[in-house]
Structure formats: C-alpha cells, structure tokens
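So the structure is just underneath, and the comments pick up after that.
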There are 2 protein chains.
Amino acid sequence: MQALGRHLLLELFDCDAEAINSLDTVKASMVEAAKRAQATIVDVVFHEFNPFGISGVVVIAESHLAIHTWPEYRYAAVDVFSCGEVLQPQVAADYLMEQFGACRASVVELQRGIFINAPGPIHHKPMAVRG
Amino acid sequence: MQALGRHLLLELFDCDAEAINSLDTVKASMVEAAKRAQATIVDVVFHEFNPFGISGVVVIAESHLAIHTWPEYRYAAVDVFSCGEVLQPQVAADYLMEQFGACRASVVELQRGIFINAPGPIHHKPMAVRG
C-alpha cells in the first residue's frame, strides 16, 4: 500500500495566547518547523487578523504547512501535508506544539491518495522552471 | 457545540490528467471555487513541478484552500478549510470535482477547534493593516 501524501492535522489547545497572536512568532515557528522536518521551502505567506489571529501557509516542495490561530481561544489548527520519504512531519508537529506552549493537543494522521500496487517509492518532484 | 473551523478533505480520483497538470487550469479553478464559496481571497500561490504536478494555496480571509495534484495518477488532494458562517465549502468542493473531471471521490469533513458553550456565532475577522 502506498499513499502519495501524509497529512497530519493538529489541534492545539491551551496555547500561549501571546505566542499565537504574534505574526513574527507564528511565521518564524512555522518556517523553522518546515526546516526541521527537512522540507524545502518554496513560499511563505502569513497574515494577521483584527483584533487577533494569524493565518499562514508555508508552501514546500513536498506539499505545505498551514496554520490558523484563535488567540482568544488559545487554539491553533495546524496542518502538515507532506509527500516523499525524506520529510519528517512529526518533527514539525512536535516542534510547533512546544513553540506554542500547547497544553492539550490531538494529532490525526491521514493517508492521502492511496494507490494499491503503485510503482515503487514516490519521491517529491523538483520545481519546474517556467519561461 | 461550536467549531471554529470546518475542514473538507477531498480525495479526487480518476481526474482529467490534462486539467490537473495545467498550472493555469488548476489555479483558475481554485480561485473560482473560492469565489463561488463566497470567500474573500487574500493571496494566491501556485507552483508547477517537474515532470508533472501542481501545488497551490488560495489564502482566504476565512482560512485557505489547498491542492496537490499527481496527474500521473490522475489524482488530486484538495483541502477547503473555512471559518465563519458565510462561506460555503461544499460549493467549492462540488465545483472542483466537476472542473477536474473526477470520476471517483471521497469527501471527509472535520470540525476543527470545538469549544463547548462558545460565546455566540464566530464570524471571520477582517485583515489587520500593519503600519
């Protein structure tokens, strides 16, 4: 059995409200999580909401990491979607839980795109250069 | 019971390989799906991989839409993460299934961040403007 993607869905409760309300902290933590998971960062997009909350995505060659925070609930929803065999999504998950000071959490792992008898290991592909 | 986020996870099988291998088609379809779902688009980031495959994220004020395609498997993994009560994630899901010509699909809906006795409806917040 071979899944094209591994998707970790993190529910982070009772986080440090200040940490998850800081654009700089959230962005830096997500970028560092991607690096620690051995991801190749392609693009980083983060936004701050009014009066609180951060949303952001780190696009990686191996898929993406996404986060949405609700500091007023001390809650953050994080997704770590990866493909290939090099990336270590759990490393990113562990790091983010620690950085955001989550006291309670759940992690659901989904296998995305399962193909029976797929032809060998599926590695991530290099970016195409256009034009 | 009140969930801060609704997350649709789409597995699209037996898609039109040409459609999901075209950066322009995938990007335009995702942007249109976001619009049809009544989302407010904040940022659009798409990349093409070599020899095939598209990855992309539409960051919306109400969270995000993400896609990763494997044209060689005629497969696409799509996420529609939304918050607030205006956005209609199922409309985006239906549109994308049709656009990519998926013959088989599964849709899993997750409620993210459930808070019992949350204080009233939770609407999405406006973007913050940074000095």
Side-chain angles (χ1 to χ4, degrees), chain A residues 2-5 7 9-13 21 23 42-70 72-79 81-83 106 108 110-115 118-119 122 124-130, chain B residues 2-5 7 9-13 21 23 42-70 72-79 81-83 106 108 110-115 118-119 122 124-130:
Chain A
Q2 184 97 28
L4 294 175
H7 190 166
L9 296 117
L10 281 66
E11 299 279 277
L12 305 185
F13 294 101
N21 197 32
L23 180 67
V42 169
D43 231 318
V44 178
V45 180
F46 278 79
H47 295 282
E48 193 173 5
F49 291 88
N50 199 354
F52 11 66
I54 310 292
S55 276
V57 182
V58 180
V59 179
I60 57 178
E62 304 83 359
S63 295
H64 74 271
L65 287 81
I67 187 166
H68 303 288
T69 78
W70 281 262
E72 68 275 42
Y73 288 91
R74 300 177 58 203
Y75 166 77
V78 177
D79 287 62
F81 192 131
S82 64
C83 61
S106 82
V108 173
L110 293 177
Q111 310 278 328
R112 305 283 298 262
I114 295 173
F115 286 81
I122 296 154
H124 83 265
K125 306 163 198 170
M127 300 267 297
V129 179
R130 288 203 121 192
Chain B
Q2 185 97 28
L4 294 175
H7 191 166
L9 297 118
L10 281 65
E11 299 278 278
L12 306 184
F13 293 101
N21 197 32
L23 180 68
V42 170
D43 231 319
V44 178
V45 180
F46 278 79
H47 295 281
E48 193 174 4
F49 292 87
N50 201 353
F52 11 65
I54 310 291
S55 274
V57 181
V58 180
V59 179
I60 57 178
E62 303 85 358
S63 295
H64 74 270
L65 287 81
I67 187 166
H68 303 287
T69 77
W70 280 261
E72 68 274 41
Y73 287 91
R74 299 177 58 203
Y75 166 78
V78 177
D79 287 62
F81 192 131
S82 63
C83 62
S106 81
V108 174
L110 293 177
Q111 309 280 329
R112 304 285 297 262
I114 295 173
F115 286 83
I122 297 154
H124 84 263
K125 306 163 197 169
M127 299 268 299
V129 179
R130 290 200 121 189

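Here is the naming used below: chain letters follow the sequence lines, and residue numbers restart at 1 for every chain.
- Side-chain contact of B/D79 with B/H64: a donor-acceptor pair under 3.5 Å is absent, judged by distance alone.
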Walk me through whether A/I67 and A/F46 qualify under side chain to side chain contact (heavy atoms under 4.5 Å, CB included).
CA-CA 9 Å; A/I67 187 166; A/F46 278 79; 3.8 Å; yes
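- Residue B/V78 touches chain A through its backbone alone, counting heavy-atom pairs closer than 4.5 Å.
- For a residue to count as touching a neighbouring chain, one of its non-hydrogen atoms must lie under 4.5 Å from one of that chain's; by this rule B/I54 does not touch chain A.
- Judged by distance alone, the side chain of B/R112 and the main-chain N or O of A/L10 form a donor-acceptor pair under 3.5 Å.
- Using cut-offs of 30° and 60° for the angle between ring planes, the A/Y75 and B/F115 rings count as perpendicular.
- When heavy atoms are compared at a cutoff of 4.5 Å, B/L110 approaches chain A solely by way of its side chain, counted from C-beta outward.
- At a 4.5 Å heavy-atom cutoff, the contact between A/F13 and chain B is made by side-chain atoms alone.
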